[in-house]
2 protein chains.
Amino acid sequence: MFSKACEYGIRASIFIAEQSLLDRKVSLKDVAEAIESPSAYTSKILQRLSKSNIINSDKGPTGGFSMDKSELEKVKLNSIVYAIDGDTVYNGCGLGLKKCNADKPCPVHNQFKVIRDELKKMLENTTVKTLAMDYEKGLTFLKR
Amino acid sequence: MFSKACEYGIRASIFIAEQSLLDRKVSLKDVAEAIESPSAYTSKILQRLSKSNIINSDKGPTGGFSMDKSELEKVKLNSIVYAIDGDTVYNGCGLGLKKCNADKPCPVHNQFKVIRDELKKMLENTTVKTLAMDYEKGLTFLKR
DNA sequence: TAAATAGTGGACAATTTTATCCAATACAAA
DNA sequence: TTTGTATTGGATAAAATTGTCCACTATTTA
Ligand code: FES
Ligand code: FES
């Protein structure tokens, strides 16, 4: 569904969001441990999220990653997926044709469109904040 | 969503099905041209479909690939995806946790489950035959 | 200002996926 | 039975993704 990088990105964001709700900055190491991901690789992903203004990063001692509490409910899964995997999820053809196009549809276009729209809607409506809050309550897990 | 191999596999199956409805066997070359795929790679995929008894393959002159007309409506997208990509689509966690498990769910488990079940249902209910018939009528396309 | 800390950026390595090549095999037809 | 044709299977190769290493920069604090 998503690339590994994107999976890490979403999990990392949720963790950073949760910690930010508790007014804590987290280090790369913290993130990698919390989501059980290779830290150097995770670093690259956090860089991309930072450049897309989804997370903040601060250098130096007392540095680390964080998200603005005030903007947290504005961040949807959507933006993370887009920042890392681009728009293939939304615009790509399910059977790999160069373009998904209703005028020259692949055999599963109609069936796919329904599901893709559903997915899109879900990603657009799900805020990182709610996910972070559930995680904070111990209802969900970022590794296993 | 699916691997490239799986995309080719689905497209190839639809083409073979359509030709089989017209009582024609098709060669590897025919398939590769019809779905615009690298033929040697496509060959590997057809082998897997053949071993999963989704398509027939015959060697020698007058050989080629085909599907039994009588069994055509029994073949669902489902079996093709399973033959090539395995069960990751159905059982994998959307955020890449080792197992998808409602007892220890990832933060998007519930949202994902809805969509995955939808996808699953679609794959289980869509027969290659109907797709092949639409394709035959020129309503859909296997390349572009 | 020096030292310690934490992210950054670039090069590089491993793995997985996608793609190619070719000799071997099987088979139909002449 | 020979010949030509088409798939098979194994070895490689190329490309993309995932993962690692390390020197550098920025920043805080002593
Ligand atoms: S053309 Fe294939 S999904 Fe739209
Ligand atoms: S645990 Fe992640 S989708 Fe079920």
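Order of the sequence lines sets the chain letters (A, B, ...), proteins ahead of strands, with each chain counted from 1. The basis for the numbers below is simple: all heavy atoms, side chains too, and nothing from hydrogens, waters or symmetry mates.
- Of the candidate nucleotides C/dT18, D/dT7, C/dA29, D/dT7 has the atom nearest to the side chain of B/S27.
- In this structure the side chain of A/T140 never reaches within 4.5 angstrom of the side chain of A/L131, judged on heavy atoms.
- Phosphate contact (OP1/OP2 of D/dT8, side-chain N/O of B/S57, threshold under 4.0 Å): present.
- Screening B/D58, B/D30, B/D68 for a salt bridge (Lys or Arg N to Asp or Glu O under 4.0 Å) with B/K25, the sole residue that qualifies is B/D58.
- For B/T130 and B/T127, the side-chain atoms include at least one donor-acceptor pair closer than 3.5 Å.
- Along DNA chain D, the nucleotide nearest B/L28 and the nucleotide nearest A/A40 are compared for position; the residue whose nucleotide lies closer to the 5' end is B/L28.
- Distance CG (A/L46) to P (C/dG9): 13 Å, rounded to an integer number of Å.
- Closest approach to the B/P61 side chain among C/dG7, D/dG19, D/dG4 is made by D/dG4 (side chain taken as heavy atoms from C-beta onward).
- When rounded to the nearest whole Å, the span between CD1 of B/I55 and C1' of D/dA6 equals 14 Å.
- For A/K44 against C/dG10, a side-chain N or O and a base N or O form a donor-acceptor pair under 3.5 Å.
- Taking the side chain of B/K59 as heavy atoms from C-beta on, and the options C/dC27, D/dT28, D/dT20, the nearest nucleotide is C/dC27.
- Look at A/K51 and you'll find a side-chain N or O under 4.0 angstrom from OP1 or OP2 of C/dG9.
- Going from atom CD1 of B/I45 over to atom P of D/dT8 covers 13 Å, rounded to whole Å.
- Side-chain contact between B/P105 and A/F141 is present, with heavy atoms from C-beta onward closer than 4.5 Å.
- One can place CD1 of A/I84 at 15 Å from C1' of D/dG19, the figure rounded to the nearest angstrom.
- Computed from coordinates, the A/K4 NZ to C/dA14 C1' distance equals 15 Å when rounded to whole Å.
- The distance between atom CD1 of A/I16 and atom P of C/dA6, rounded to the nearest whole Å, is 15 Å.
- If you take OH of B/Y8 and P of C/dT17, they are 15 Å apart, rounded to a whole angstrom.
- Protein atom CG of B/D30 is 13 Å distant from nucleotide atom C1' of D/dT5, rounded to whole Å.
- We find that A/K113 and A/E118 are not joined by a salt bridge, their nearest charged nitrogen and carboxylate oxygen being 4.0 Å or further apart.
- For the pair A/Q47 and C/dG9, the criterion of a side-chain N or O lying under 4.0 Å from OP1 or OP2 is met.
- Checking C/dT18, D/dT27, D/dT8 against the side-chain heavy atoms of B/S3 singles out C/dT18 as nearest.
- Candidate nucleotides D/dT8, C/dT18, C/dA28 were compared by shortest atom distance to the side chain of B/S50, and D/dT8 ranks first.
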